[in-house]
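Report on the structure given below.
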Amino acid sequence: MASLPPVVVANTVKLDPDFRKLSAPSLLFEKKHYSTKELNSLGSESEEPVSLTTEGNGKLESSYYVPILQECMHKNFVSGVESIHAHIIKSGLVAELFLMTFLVNVYGKCGRMGSARKVFDNLPKRNVVAWTSLMSGYISNSRPELAISIFQEMLEAGAYPTNYTLGVFLNACTSLCDFDLAKQIHGYIVKYDLDGDASIGNALCSLYSKCHNLRMAIKAFERIEEKNVISWTAVVSACGANGNSALGMDMFVKMLVAGVEPNGITLTSVLSLCCTMQALEAGSQIHSLIMKLGYDSDLPLMNSVMYLYLKSGCISEAKKLFDGMNSVSLVTWNAMIAGYAEMISLAADGLSAYSCGIEALQIFQRMNRSGLKPDLYTFSSLLSVCSSLVALDQGEQVHALTIKTGFLSDVVVGTALVNMYNKCGSINRASKAFLEMSTRTLISWTSMITALAQHGRSEQALQVFEDMRFVGVKPNKITFVGVLSACSQAGMVDRAFAYYDMMKNEYKINPVMDHYACLIDMFVRLNQIDEAFDFIKKTNLIPNEFIWSILIAGCRSQGKLDLAFHAAEQLLELEPKDSETYLLLLNMYISAGRWKDVSRVRKMMRDVDKIVEWSWINIRNKVHSFKFSSKKHQSDEVAKLLDDLIDRAKPFGYKAETDMEIDEEEKEEATNSAAHRHSEKLAVAFGLINTSREVQIRVMKNIGMCRDCHNFIKLVSVLTSRTIIIRDSKRLHKFYNGHCSCKDFGGLV
DNA sequence: CTAGGGTTAG
């Protein structure tokens with residue numbers, strides 16, 4: 001459905017400017033509550049709903065059916081609705097306008113638009129509420145374009161829209177992101193001064209929220225004369241959706257002060273704010289409020305509470321909620337899987353990260369056994385877990401499942417697949433997954449560009465970037481990080497600056513630290529340290545920790561130690577929060593024998609959380625983890641293989657460097673066993689022993705690799721003729737035939 | 001009777 005011609009609304013069809021008078025009377029019937037048992041008995045064939053019949057000739061009036069239908073709708077009990085519909089026909093009530101109009105609404109809410117349309121077509125008399133219900137049904141069943149054409153049909157039939165109809169129409173525009181169409185109606189609304197109405201104002205608020213105009217969304221909210229709970233909810237979620245959670249919280253507090261009681265939907269929106277703000281304290285207060293207001297059986301709401309606890313690391317709280325739910329939905333399972341997937345990156349050490357990932361995969365298996373079918377959210381979380389664990393085998397299984405369930409064609413799933421293969425070190429399969437996608441978003445393109453750049457395929461990365469521009473997709477700042485890092489890897493200075501200018505001038509994107517880091521990294525790779533410092537001076541750049549680390553690595557590999565120590569002092573002044581940074585400095589001072597500085601850095605390190613070094617390797621669906629350990633703690637087989645490899649590496653010029661983080665008294669032992677101690681060496685050796693020749697070794701490490709291990713693994717790839725992939729906290733290293741895909745500039749410690 | 005919500009890839 002293309003956009004509505006502008007004349008239709010404003011001129012051709014006459015609208016009653018005072019249509020607020022036309023709005024329907026309020027609810028005529030009191031709500032009545034039925035137990036689940038009663039409702040279930042309605043669905044069964046054998047039992048007649050005689051219990052509902054009271055007196056007279058056994059004929060029910062339409063007023064009996066409305067609250068029951070409402071209850072069925074609320075519980076999404078579709079067969080109950082159908083059963084009641086059958087009774088309505090039997091009772092000869094099909095001519096009851098109010099009842100049949102309500103049924104249109106109920107069928108729409110239950111996702112049965114075919115039935116809704118049938119009831120609508122057989123209405124004794126069409127009315128604006130039925131038209132509006134039909135529109136609303138199509139919107140909530142993901143066919144907003146049909147809502148627009150129903151609106152046109154309605155106008156052509158000569159019916160007047162009400163404030164509700166215009167609100168619903170705006171919602172259709174919001175779902176379609178058809179802001180031009182919305183503008184036409186908005187013009188009409190402004191002309192007749194209708195934006196003080198809640199139905200219209202609420203819809204305007206959501207509309208502006210969807211087009212990322214928070215200022216206008218708030219303005220629309222403020223213009224509503226009688227703000228109701230929906231208005232407040234709309235503005236709270238508008239703040240959340242546009243990255244201003246704190247303002248959303250303020251709004252929620254204002255709502256409470258104004259004496260408007262939040263409902264389940266409001267509380268869900270507020271919890272989502274707590275989630276993004278990591279506000280566990282506020283979140284648990286909301287949890288109490290939920291219990292107090294009696295919303296503790298609202299499943300979507302409890303899903304949000306559970307997700308907040310998961311994201312805040314309160315696993316036991318989340319599990320308690322999960323186990324306490326008497327029914328769970330797909331969203332519940334998805335939230336659990338996503339929660340554990342998220343925890344991987346927050347985990348303090350390798351082992352707990354790994355167990356979070358395994359937990360996520362096991363939850364998925366339990367979900368499968370419970371008979372629920374996964375959806376795109378399930379798949380994107382699962383693929384992210386496989387990426388984090390560098391679990392190619394499991395990733396392939398998930399890939400197979402996406403084909404089986406038909407979700408492979410989903411753009412989010414396709415992109416997640418590209419990332420999974422990339423992070424598992426298989427750029428070829430990542431490219432294949434990308435090429436097989438039927439539609440691609442900016443994020444898909446950016447993922448592919450970044451993946452190619454990470455694997456050192458700069459020309460291909462830039463080609464994909466040009467293809468992306470050719471098909472009319474507008475790059476953003478993250479795309480340019482990928483582009484600039486491709487140029488940096490290949491040392492293409494001219495092209496790097498051409499793209500840098502393109503970013504600033506053609507796309508009006510202001511450079512951020514990551515862009516500067518790429519350019520500085522490029523100079524460093526070309527051994528142009530002075531140019532790097534010139535660039536910093538020229539742009540008045542205040543380097544961050546990451547940029548200083550790049551500069552230090554460059555100075556060291558060029559033997560410009562004075563400059564390296566100068567940079568190191570600058571870095572120390574930033575008081576890094578990251579113990580890896582201190583390790584780099586410590587390592588430098590140790591190798592220079594500057595023991596005074598060593599103890600100074602050690603003192604500073606005490607205030608920083610110490611990182612435990614971990615590596616793990618996934619072999620035949622089983623994960624083996626290794627930590628920094630001395631020779632006597634290793635298995636004989638691993639120690640023997642490492643000894644052998646070190647001996648064979650020596651003729652190629654390998655010399656074990658002094659270990660980095662050791663105590664003075666350990667210094668003596670360290671020199672001899674340094675090469676044995678780092679976890680990635682142990683994991684690689686274990687992998688070599690336990691896999692066949694054609695299998696690639698995939699190791700994951702929680703902090704950056706050191707230079708010694710990097711040199712050593714390069715030689716191992718020659719000595720054993722194997723491909724070895726190590727993904728550390730900074731990047732992916734793919735070792736093959738004595739070379740690494742990072743071209744030795746992986747920000748090595 | 002018609003409006004507002006949760007899990008989402010770089």
Side-chain angles (χ1 to χ4, degrees), chain A residues 23-29 66 69-70 73 98-106 108-109 127-137 139 161-168 170-171 197-203 205-206 209 228-238 240 263-272 275 298-308 310 329-339 341-342 375-381 383-384 387 410-420 422 441-451 476 478-479 481-482:
Chain A
S23 64
S26 56
L27 188 64
L28 292 175
F29 308 100
V66 171
L69 281 171
Q70 224 158 24
M73 177 172 85
F98 186 94
L99 182 63
M100 299 319 279
T101 301
F102 185 48
L103 202 55
V104 173
N105 178 36
V106 172
K109 285 261 163 61
N127 63 88
V128 68
V129 176
W131 285 109
T132 311
S133 297
L134 202 60
M135 284 170 69
S136 171
I139 296 169
T162 66
N163 49 342
Y164 282 111
T165 319
L166 292 188
V168 172
L170 285 173
N171 288 334
D197 177 85
S199 307
I200 291 176
N202 296 346
C205 182
S206 311
S209 169
N228 57 24
V229 60
I230 298 170
S231 323
W232 285 101
T233 308
V235 78
V236 165
S237 50
N263 63 20
I265 300 181
T266 321
L267 295 168
T268 313
S269 308
V270 176
L271 279 171
S272 139
C275 231
D298 182 327
L299 184 56
L301 183 51
M302 293 323 281
N303 286 341
S304 302
V305 179
M306 193 190 74
Y307 191 64
L308 172 77
L310 277 173
S329 66
L330 180 59
V331 175
T332 319
W333 290 104
N334 283 349
M336 282 291 269
I337 296 170
E342 185 104 350
D375 70 352
L376 75 151
Y377 293 106
T378 325
F379 283 123
S380 53
S381 293
L383 288 169
S384 138
S387 306
D410 183 273
V411 69
V412 175
V413 173
T415 309
L417 212 50
V418 172
N419 286 319
M420 186 276 291
N422 171 40
T441 60
L442 169 63
I443 299 178
S444 323
W445 288 100
T446 303
S447 301
M448 194 66 242
I449 293 164
T450 309
N476 68 4
I478 301 168
T479 319
V481 174

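Chain letters run A, B, ... following the sequence lines, proteins first and then strands; every chain starts at 1.
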Worksheet, complete the sentence: Closest of B/dG5, B/dG10, B/dG4 to the A/P300 side chain is B/dG5

Worksheet item: Between atom CG in A/L383 and atom P in B/dT8, what is the gap in whole Å?
Response: 14 Å

Practice prompt. Establish whether the base of B/dT2 is bridged to the side chain of A/S133 by a donor-acceptor pair shorter than 3.5 Å.
Written response: no

Worksheet item: Hey, does A/V411 reach any base, or is it just sugar-phosphate, or nothing, if we go heavy atoms under 4.0 Å?
Response: base

Worksheet item: Do the side chain of A/T268 and the base of B/dG5 come within less than 3.5 angstrom through a donor-acceptor pair of N or O atoms?
Response: yes

Practice prompt. Have a look at A/T441 and say if it touches a base, only the backbone sugar-phosphate, or nothing, with a 4.0 Å heavy-atom cut-off.
Written response: base

Response to the item:
The ring-ring contact (aromatic ring centres under 6.0 Å, His included) partners of A/F379 (sequence neighbours excluded) come to A/F407

Discussion item. Taking any heavy-atom pair under 4.0 Å as a contact, classify A/S381: base, sugar-phosphate, or nothing.
Written reply: nothing

Worksheet item: Between B/dT7, B/dA9, B/dC1, which one does the side chain of A/Y377 approach most closely?
Response: B/dT7

Item to complete: Please determine, by modelled atom types, if A/T332 and A/S329 share a side-chain donor-acceptor pair under 3.5 angstrom.
Response: yes

Worksheet item: NA contact type, A/N303, heavy-atom cut-off 4.0 Å: base, sugar-phosphate, or nothing?
Response: base

Discussion item. Under 4.0 Å, heavy atoms only, any strand: does A/I443 hit a base, just the sugar-phosphate, or nothing?
Written reply: base

Worksheet item: When the distance from CZ of A/F379 to P of B/dA9 is rounded to whole Å, what number comes out?
Response: 15 Å

Practice prompt. Look at the side chain of A/I265 and decide which nucleotide, out of B/dG10, B/dG5, B/dT2, has an atom nearest to it.
Written response: B/dG5

Worksheet entry | Polar side-chain contact A/N263-B/dG5 base: donor and acceptor under 3.5 Å | no

Fill in: Nearest to side-chain heavy atoms of A/F102, which nucleotide of B/dG5, B/dC1, B/dT7
B/dC1

Discussion item. Quick check for you: among B/dC1, B/dG6, B/dG10, whose closest atom lies nearest to any side-chain atom of A/F98?
Written reply: B/dC1

Worksheet item: Got a second to check how far A/M336's CE is from A/N303's CG, nearest 0.5 Å?
Response: 10.5 Å

Item to complete: For A/S447, answer base if it contacts any base atom (sugar-phosphate contacts may also be present), sugar-phosphate if it contacts only those atoms, and nothing otherwise; contact means non-hydrogen atoms under 4.0 Å.
Response: sugar-phosphate

Discussion item. What's A/N105 touching, base or sugar-phosphate or nothing? Going by heavy atoms closer than 4.0 Å.
Written reply: sugar-phosphate

Worksheet item: Cut-off 3.5 Å, side chains only: do A/T101 and A/N127 have a donor facing an acceptor?
Response: yes

Worksheet item: For the atom pair CZ (A/F102) and CE (A/M73), what is the distance rounded to the nearest 0.5 Å?
Response: 5.0 Å

Response to the item:
Separation of B/dG6 atom C1' from A/L376 atom CG, nearest Å, is 14 Å

Discussion item. Applying a 4.0 Å non-hydrogen cut-off, can you work out what A/D375 is touching in the nucleic acid: base, sugar-phosphate, or nothing?
Written reply: nothing

Item to complete: Could you check whether A/V168 gets within reach of a base, just the sugar-phosphate, or nothing at all, counting any heavy atom under 4.0 Å?
Response: sugar-phosphate

Worksheet entry | Under-4.0 Å side-chain N/O to phosphate OP1/OP2 contact, A/N127 with B/dC1 | no

Item to complete: Take the protein atom CH2 of A/W445 and the nucleotide atom C1' of B/dG10, then report the distance between them rounded to whole Å.
Response: 14 Å

Practice prompt. Between B/dA9, B/dT8, B/dC1, spot the one nearest the side chain of A/Q70, thanks.
Written response: B/dC1

Practice prompt. Mind checking the CD1-CG spacing from A/I200 to A/L166? Nearest 0.5 Å is all I need.
Written response: 4.5 Å

Worksheet item: Separation of A/L417 atom CG from B/dT8 atom C1', in whole Å?
Response: 15 Å

Worksheet item: At under 4.0 Å between heavy atoms, what does A/T450 touch on the DNA or RNA strands: base, sugar-phosphate, or nothing?
Response: nothing

Discussion item. From C-beta outward on A/L301, which listed nucleotide comes closest to its side chain: B/dA9, B/dG4, B/dG5?
Written reply: B/dG5

Discussion item. Of the options B/dT2, B/dC1, B/dG10, whose atoms approach the side-chain atoms of A/T101 most closely?
Written reply: B/dC1

Worksheet entry | B/dT8 OP1/OP2 closer than 4.0 Å to side-chain N/O of A/Y307 | yes

Response to the item:
Rounded to whole Å, CE of A/M100 lies from P of B/dT2 at a distance of 17 Å

Worksheet entry | Under the side chain to side chain donor-acceptor pair (under 3.5 Å) test, residues paired with A/S269 that sit two or more places apart | none

Item to complete: Round to the nearest Å and state the distance from A/M73 atom CE to B/dC1 atom P.
Response: 10 Å

Worksheet entry | Distance, rounded to the nearest Å, where A/L69 contributes CG and B/dT2 contributes P | 13 Å

Response to the item:
Of the candidates B/dT8, B/dG10, B/dT2, the side chain of A/T479 sits closest to B/dG10

Worksheet item: Do A/Y164 side-chain and B/dT2 base share a donor-acceptor contact under 3.5 Å?
Response: no

Response to the item:
To the nearest 0.5 Å, atom CE of A/M448 lies from atom OG1 of A/T415 at 11.0 Å

Worksheet entry | Among B/dG10, B/dC1, B/dG4, the nucleotide that comes nearest once only the side chain of A/V229 is considered | B/dG4

